[in-house]
*Asks:* 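The structure under discussion is supplied below as structure tokens; questions concerning it will follow.
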Amino acid sequence: MDYIKTEKKWRAAWARNKDLSFDPKSKAEKFYMLEMFSYPSAANLHLGHWYNYGLSDSYARFKKMNGYNVFQPMGFDAFGLPAENYAIRTGIHPMDSTRANIAKMRVQLKNMGAMFDWKYGVVTCDPDYYKWTQWLFLQLYKKGLAYQKDAAVNWCSGCNTVIANEQVADGVCERCSSPVIRKNMKQWFFKITDYAGELLSDLEGLDWPEKTKLMQKNWIGRSSGGEIIFTTASGESFPVFTTRADTLFGVSYVVLAPEHPLTDKLTVPACRAAVRAYQADAARVSELDRLSSVKEKTGVFTGAYALNPANGERVPVYTADYVLYTYGTGAVMGVPAHDERDFAFALKYGLPVKRVINPPDGALSELPCTSDGILTESGVYSGLTSEDARARILDRLAADGTGGHKTNYRLRDWSISRQRYWGCPIPIIHCGHCGAVPVPEEQLPITLPYDVNFTPDGQSPLLRHAGYIDTTCPVCGGPAKRDADTLDTFVCSSWYYLRYPDNKNKKAAFSKKKIDAMLPVDKYVGGAEHACMHLLYARFFTKALRDLGYLSFGEPFKSLLHQGMILGVDGFKMSKNRGNVANPDTYVSKFGSDALRLYLAFGFNYTDGGPWSDDGIKSIVKFLDRVERVAVKFLDAGDTGDGYGAAEKELDYALNYAIGAVTRDTEAFSFNTSIARLMELLNAVNKYENAPAVNAGFTRGVITDMLRLLAPYAPHFSEELFARYGAKKSVFLSGYPKVDKAKLVRDETEYAVQINSKLKARLTVPSSADNAEIERLALSDERIAPLFEGRSVKKVIIIPKRLINILV
RNA sequence: GCCGAAGUGGCGGAAUGGCAGACGCAAAGGACUUAAAAUCCUUCGGGGGCAACUUCGUACCGGUUCGAGUCCGGUCUUCGGCACCA
């Protein structure tokens with residue numbers, strides 16, 4: 001078969017007939033199949049796209065054949081830094097390059113032969129789309145979930161912009177690997193921390209990879225403990241956060257973060273110079289430097305003392321950068337005997353180390369001892385276990401008004417301001433009079449101007465565009481300025497799955513009725529690298545929009561799966577530098593898109609991925625050729641024979657076994673074993689050719705079912721042969737084969753026979769035999785009996801349809 | 001350092017606690033052919049044996065079990081995530 005020509009023909013037919021498209025009027029159960037949309041980069045579709053989209057489409061087609069009304073849209077995550085950086089390099093405007101790339105990718109994606117519902121597409125840089133991104137921002141703003149604060153942000157020195165915590169890896173920018181420094185700027189944030197508890201607890205009910213759930217769990221980082229208020233002689237008081245309230249009697253100092261407002265206030269004149277110098281140092285130190293000095297603890301004494309509310313003891317107040325202002329209360333109590341960091345700090349500054357916890361086994365271990373134990377030297381709490389003491393001490397403090405139980409999260413609010421051009425404009429106007437004022441909704445969208453000089457100079461490019469930036473205040477009518485920043489692209493991608501089903505809506509981001517009918521997404525497939533970013537943000541958006549009344553569900557993605565990564569032939573990640581990049585186009589133009597898709601399905605465990613192989617794809621072409629040969633042969637065979645004997649029964653068994661296995665494995669995204677079972681079925685058909693009296697009509701039925709099973713994996717190929725077999729409508733509308741259980745019953749069953757758990761023989765027994773009968777047959781078998789002759793049989797273990805173990 | 005996942009032939013990879021290596025690739029031998037390609041058949045974890053067969057084998061050490069690639073404890077290696085989170 002001329003694969004290239006055939007594929008082209010069927011793609012045209014599918015596009016014409018639209019039989020396979022999502023039908024909003026259909027009564028069939030909906031199935032929302034979603035793949036993470038793609039970034040329109042200048043390069044062609046790579047194997048990763050094929051692996052993700054091609055095989056997700058196979059799953060979607062499988063669902064379609066099983067009677068679902070499948071909704072499988074595709075769109076483009078079109079804003080973002082790469083297009084802007086490309087523009088800075090080449091002078092080609094991001095709008096133009098992005099448009100061109102999208103056009104190119106659409107063609108490539110269509111040639112893949114996936115049944116994407118293109119008319120539901122979204123492009124995040126279209127004003128039709130980002131109008132609603134802005135609108136959503138305003139809803140969150142009104143609800144107090146978007147706010148501005150002066151914050152130490154991650155500033156990438158390479159990209160000249162603020163980046164999110166999630167985009168910092170080992171102190172450098174995830175994108176360009178330049179050092180990330182800390183810088184104070186007025187930034188917009190989403191209050192994702194308001195949802196920390198729910199984001200954590202709702203993970204439990206999700207059909208997601210355990211690993212991904214765990215990553216989110218750790219990222220959210222719940223820790224329960226308490227706040228304890230220390231008071232200074234001057235009457236100032238501040239809470240510290242601790243998970244170890246049981247060690248309260250061992251406190252020998254307290255520490256405030258250098259950025260803590262009380263640090264300045266508490267510092268006595270004699271210490272002021274040293275503290276100021278230390279604060280200045282700490283502010284200059286980048287995240288990278290902080291990381292590299294993990295071991296070395298530094299800090300300075302403020303000259304102030306604070307009272308321990310438990311025992312009235314007076315302890316010195318230090319400031320040190322090992323205390324993070326952004327976590328907890330920005331202040332901690334120092335318990336050198338029972339915390340590694342405090343121990344190092346105390347050692348360096350000569351502070352007392354007081355043991356207040358004895359190990360439960362009584363043996364005094366070396367300090368610091370960070371595990372739970374029995375309290376000692378702790379007043380009335382001495383003798384209690386750590387666990388009891390924590391509860392009792394915090395209860396007491398709560399009663400006294402000097403503390404109480406408290407849960408903290410590692411998760412921080414989501415920084416969304418970007419000092420970049422190519423993003424969604426922030427719909428806020430800054431007025432000297434009225435402050436930050438939201439743009440009235442009827443003025444949306446605030447369109448991103450085209451004629452902007454976006455060469456980076458550390459400031460937002462939009463700031464230089466007077467026509468954009470200068471405006472009037474919607475409240476007082478006075479002169480005002482638009483917010484010059486753009487939104488993090490993760491904001492755009494946090495709700496695209498909500499827009500797909502209602503993408504033409506001019507009056508609203510989406511209609512609640514439509515979305516409630518279509519969501520949550522039934523199966524979401526995409527890269528694992530989004531575990532703590534996109535997947536967390538999207539969940540936050542869904543919950544926030546639910547609370548705003550726009551949705552009736554709180555989790556967007558019911559079931560999630562990550563495809564693995566296709567590596568270069570050498571086993572390394574594909575990269576131009578290594579020269580190990582395999583280009584899908586090469587194979588598509590040579591063997592067709594079905595062959596590529598089928599090889600991707602067969603050659604890897606889907607969630608693992610693995611190294612690419614040229615030989616592998618050739619073997620798949622061979623498989624398709626063999627299917628075609630046998631199909632054509634029986635098609636031409638006429639009506640020879642109509643008997644149904646042992647050979648036919650055997651082939652029927654193979655067919656029904658394959659139907660069961662392929663159905664199960666496809667449902668589980670175990671594509672490689674699905675294809676393996678199909679190959680076995682093909683081998684069975686080939687073997688049947690040698691049967692004494694070949695029943696061609698019967699075999700054609702088997703082949704028809706085989707084509708149905710193969711169709712999701714090789715759509716064009718199967719459609720072609722299915723048509724040649726006389727079908728009037730698409731194989732994808734022909735239903736999915738069902739297992740005929742009766743055909744799976746065999747007259748005889750083969751058992752493995754073990755003597756004392758060692759495999760010794762095989763035994764065929766009638767399938768109808770019960771355990772007693774099987775035991776009798778095994779023990780009396782003329783080949784088996786001699787194997788344990790002279791020894792007495794103690795026990796016989798029979799595992800149905802598998803194994804007989806004779807213990808002697 | 002902490003958390004997690006993985007480790008099976010020459011290779012990609014299979015195995016609800018029950019015949020390890022399905023399916024395929026590569027390789028070797030053979031058939032067809034003037035020849036090649038394509039196709040078809042056979043062999044294909046290691047050792048021993050002419051053979052029927054036997055023995056070892058799923059990173060390593062131990063345990064549970066009639067039976068362990070699979071469960072439990074420990075070690076090593078690789079990969080992923082987090083990393084002063086009080």
*Asks:* According to the interplanar angle, ranging from 0 to 90°, do the rings of A:H260 and A:Y325 count as parallel (below 30°), tilted (30 to 60°) or perpendicular (above 60°)?
*Replies:* perpendicular
*Asks:* Both A:I675 and A:N686 contact RNA chain B. Which one's nearest nucleotide lies toward the 5' end?
*Replies:* A:I675
*Asks:* Without placing hydrogens or testing angles, list every side-chain donor-acceptor pair under 3.5 Å for residues 673-680 of chain A, not counting sequence neighbours.
*Replies:*
| unit_1 | atom_1 | unit_2 | atom_2 | d |
| --- | --- | --- | --- | --- |
| A:T673 | OG1 | A:D665 | OD2 | 2.8 |
| A:T673 | OG1 | A:S670 | O | 3.0 |
| A:T673 | OG1 | A:S670 | OG | 2.6 |
| A:S674 | OG | A:T666 | N | 3.3 |
| A:S674 | OG | A:T666 | OG1 | 3.3 |
| A:S674 | OG | A:S670 | O | 3.1 |
| A:S674 | OG | A:Y713 | OH | 3.4 |
| A:R677 | NE | A:E680 | OE1 | 2.9 |
| A:R677 | NH2 | A:E680 | OE2 | 3.2 |

*Asks:* Using the test salt bridge (charged side-chain N to carboxylate O under 4.0 Å, His left out), find all partners of A:R629 that sit at least two apart in sequence or belong to another chain.
*Replies:* none
*Asks:* Between B:rC25, B:rC66, B:rC23, which nucleotide has the shortest distance from any of its atoms to the side chain of A:N683?
*Replies:* B:rC23
*Asks:* Between B:rU58 and B:rG69, how far apart are the C1' atoms? Round to whole Å, please.
*Replies:* 5 Å
*Asks:* Can you list the residues that meet the salt bridge (charged side-chain N to carboxylate O under 4.0 Å, His left out) rule with A:K191, with sequence neighbours excluded?
*Replies:* none
*Asks:* Any donor-acceptor pair under 3.5 Å linking the side chain of A:R355 with the backbone of A:C369?
*Replies:* no
*Asks:* So which protein nitrogen or oxygen atoms get under 3.5 Å of nucleotides 67-71 of chain B's nitrogens or oxygens?
*Replies:*
| unit_1 | atom_1 | unit_2 | atom_2 | d |
| --- | --- | --- | --- | --- |
| B:rG67 | O4' | A:S757 | OG | 3.3 |

*Asks:* Taking NZ, NE, NH1 and NH2 as the nitrogens, is one of them in A:R746 or A:E650 under 4.0 Å from a carboxylate oxygen of the other?
*Replies:* yes
*Asks:* Could you give the distance separating B:rC32 and B:rC25 at their P atoms, to the nearest angstrom?
*Replies:* 23 Å
*Asks:* How far does the P atom of B:rA83 sit from the matching atom of B:rA15, given to the nearest Å?
*Replies:* 35 Å
*Asks:* Both distances below 3.5 Å, Watson-Crick or wobble geometry, any strand: find the nucleotide opposite B:rA59.
*Replies:* B:rU75
*Asks:* What's the gap between B:rG9 and B:rG46 when it is taken at their P atoms, as a whole Å value?
*Replies:* 12 Å
*Asks:* Checking contacts here: which listed nucleotide (B:rU39, B:rA86, B:rC25) is nearest the side-chain heavy atoms of A:V332?
*Replies:* B:rA86
*Asks:* Let's see if you can work this out: which of B:rA86, B:rC23, B:rG18 has an atom nearest to the side-chain heavy atoms of A:I797?
*Replies:* B:rG18
*Asks:* Contact class for A:S613 vs. all strands (heavy atom < 4.0 Å): base, sugar-phosphate, or nothing?
*Replies:* nothing
*Asks:* Please list, chain by chain and in numerical order, all residues satisfying salt bridge (charged side-chain N to carboxylate O under 4.0 Å, His left out) with A:R390, sequence neighbours excluded.
*Replies:* A:D246, A:D372
*Asks:* Assign each of A:L759 and A:D342 to its nearest nucleotide of RNA chain B by heavy atoms, then name whichever residue's nucleotide is nearer the 5' end.
*Replies:* A:L759
*Asks:* Hey, is the side chain of A:K794 pairing donor to acceptor with the base of B:rC66 inside 3.5 Å?
*Replies:* no
*Asks:* Between B:rC72 and B:rG1, how many Å separate the two C1' atoms, rounded to a whole number?
*Replies:* 26 Å
*Asks:* I want to verify a distance call: between B:rG24, B:rC3, B:rC84, whose nearest atom is closest to the A:D321 side chain?
*Replies:* B:rC84
*Asks:* If the plane angle is over 60° it's perpendicular, under 30° parallel, otherwise tilted; pick one for A:Y587 and A:F591.
*Replies:* parallel
*Asks:* Checking contacts here: which listed nucleotide (B:rG4, B:rA86, B:rC84) is nearest the side-chain heavy atoms of A:L214?
*Replies:* B:rG4
*Asks:* Between the protein and nucleotides 12-16 of chain B, list the N/O to N/O atom pairs that are separated by less than 3.5 angstrom.
*Replies:*
| unit_1 | atom_1 | unit_2 | atom_2 | d |
| --- | --- | --- | --- | --- |
| B:rG12 | O2' | A:G603 | O | 2.4 |
| B:rG13 | OP1 | A:G609 | O | 3.1 |
| B:rG13 | O3' | A:N672 | ND2 | 3.0 |
| B:rA14 | OP1 | A:N605 | ND2 | 2.7 |
| B:rA14 | OP1 | A:N672 | ND2 | 3.1 |

*Asks:* Write down the distance separating the P atoms in B:rA52 and B:rU43, rounded off to the nearest Å.
*Replies:* 14 Å
*Asks:* Have a look at B:rG9 and give me syn or anti from its glycosidic angle (syn if within 90° of zero).
*Replies:* syn
*Asks:* Would you call the rings of A:Y606 and A:F671 parallel, tilted or perpendicular, where under 30° means parallel and over 60° means perpendicular?
*Replies:* perpendicular
*Asks:* Could you work out which one of B:rU39, B:rC84, B:rU54 sits closest to the side chain of A:R629?
*Replies:* B:rU39
*Asks:* Please report the distance separating the P of B:rC79 from the corresponding atom of B:rA28, rounded so that it comes out in whole Å.
*Replies:* 34 Å
*Asks:* Calculate the interatomic distance between A:L624 atom CG and B:rG24 atom P; express it in whole Å.
*Replies:* 14 Å
*Asks:* On a whole-Å scale, what distance lies between the C1' atoms belonging to B:rU65 and B:rG21?
*Replies:* 24 Å
*Asks:* Partner lookup for B:rC40, please. Criteria are Watson-Crick or G-U wobble with both distances under 3.5 angstrom; report none if nothing qualifies.
*Replies:* B:rG30
*Asks:* Which class fits the ring pair A:W612 and A:Y599: parallel under 30°, tilted 30 to 60°, perpendicular over 60°?
*Replies:* perpendicular
*Asks:* Can you label the angle between the A:Y318 ring and the A:Y253 ring as parallel, tilted or perpendicular, going by 30° and 60°?
*Replies:* perpendicular
*Asks:* Would you indicate which nucleotide in B:rC84, B:rA22, B:rA86 comes nearest to any side-chain atom of A:K297?
*Replies:* B:rC84
